[in-house]
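Positions are given from 1, in the same order as the sequence printed here.
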Amino acid sequence: MKIALGCDHGGFELKQEIMKHLEERNIEYKDYGCHSTQSTDYPIYAKKVAHGILDGECELGILVCGTGIGISITANKIKGIRAAVCTDCFTAEATRLHNDANILALGGRVVGPGLALKIVDTFLDTPFSGDERHIRRIAQIETE
């Protein structure tokens, strides 16, 4: 499994923690930026991560901005992406089981690193259920 990572300046510090955690778990990742706490626009990195997944470079993605909201809204505008803002392990598990979410969005100013890493683990370790009703609902999401 290879994970696409991206953030803006508000998520930079948490992304650094996530990178260390992925390395400890021997999970490969690609860092699409940003690379500092200097102010930057989150849509740039949401789009890079989304296209990294759609192009097959990575299987799943993790995006981090101040709240997780703006970066997830941007990612969700791209067909084939299902990004979910998660602030606890229950929602991280449910979005993988039910929505086959392919991007986890976190708020670097909302969730502390300890909880964030547990959310990351839950998201990455939970497979899509494959239930017919969830497949049907995802198809409805993908249809305009």
Problem - Pair listing, salt bridge (Lys or Arg N to Asp or Glu O under 4.0 Å) test, anchored in residues 38-52, at least two apart - result: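 Checked against salt bridge (Lys or Arg N to Asp or Glu O under 4.0 Å) - neighbours excluded - no pair reaches residues 38-52.
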
Handout entry: Sequence neighbours excluded - salt bridge (Lys or Arg N to Asp or Glu O under 4.0 Å) pairs with any residue from residues 82-105
Key =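 Checked against salt bridge (Lys or Arg N to Asp or Glu O under 4.0 Å) - neighbours excluded - the pairs reaching residues 82-105 are Arg82-Asp100, Arg82-Glu142, Arg96-Asp100.
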
Practice task
Flag the pair Leu22 / Leu5 as yes when at least one side-chain heavy-atom distance between them is below 4.5 Å, and no otherwise.
Solution key: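 A side-chain contact exists here, since the closest heavy-atom pair is under 4.5 Å.
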
Handout entry: Separation of Ile62 CD1 from Leu104 CG (nearest 0.5 Å)
Key =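 That separation rounds to 5.5 Å.
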
Practice task
Hey, could you give me the OG1/CD1 distance between Thr95 and Ile103, rounded to the nearest 0.5 Å?
Solution key: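 So the OG1 of Thr95 and the CD1 of Ile103 are separated by 11.0 Å.
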
Exercise for the section: Sort and list the pairs that fulfil ring pair (Phe, Tyr, Trp, His ring centres under 6.0 Å) and have at least one residue in residues 79-124, not counting sequence neighbours. Expected result: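 Counting only pairs at least two positions apart or across chains, the ring pair (Phe, Tyr, Trp, His ring centres under 6.0 Å) contacts touching residues 79-124 are His98-His134.
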
Exercise for the section: Taking only Lys NZ, Arg NE, NH1 and NH2, and the carboxylate oxygens of Asp or Glu, determine whether Glu23 and Lys20 approach each other closer than 4.0 Å. Expected result: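 Not counted as a salt bridge, because no side-chain N and carboxylate O are separated by less than 4.0 Å.
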
Practice task
Please determine if Arg136 and Glu132 form a salt bridge, counting it only when a charged side-chain N lies under 4.0 Å from a carboxylate O.
Solution key: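 A salt bridge links Arg136 with Glu132.
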
Exercise for the section: Applying side-chain hydrogen bond (donor to acceptor under 3.5 Å, both in side chains), name anything that partners Glu57, two or more places apart in sequence or on another chain. Expected result: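 Glu57 satisfies side-chain hydrogen bond (donor to acceptor under 3.5 Å, both in side chains) with Lys30, Tyr32 once adjacent residues are dropped.
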
Problem - Contacts of Arg25 that satisfy side-chain hydrogen bond (donor to acceptor under 3.5 Å, both in side chains) - sequence neighbours left out - result: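 Testing Arg25 for side-chain hydrogen bond (donor to acceptor under 3.5 Å, both in side chains), a comparison that skips the adjacent residues, returns Asp121, Asp125.
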
Problem - Members sharing Ile44's hydrophobic cluster (side chains within less than 4.5 Å) - result: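 Taking Ile, Leu, Val, Met, Phe, Trp and Tyr as members, Ile44 shares its hydrophobic cluster with Tyr45.
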
Problem - Qualifying residue, where the test is side chain to side chain contact (heavy atoms under 4.5 Å, CB included) with Leu106 and the options are Leu63, Val120, Thr67 - result: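 Exactly one candidate clears the test, Val120.
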
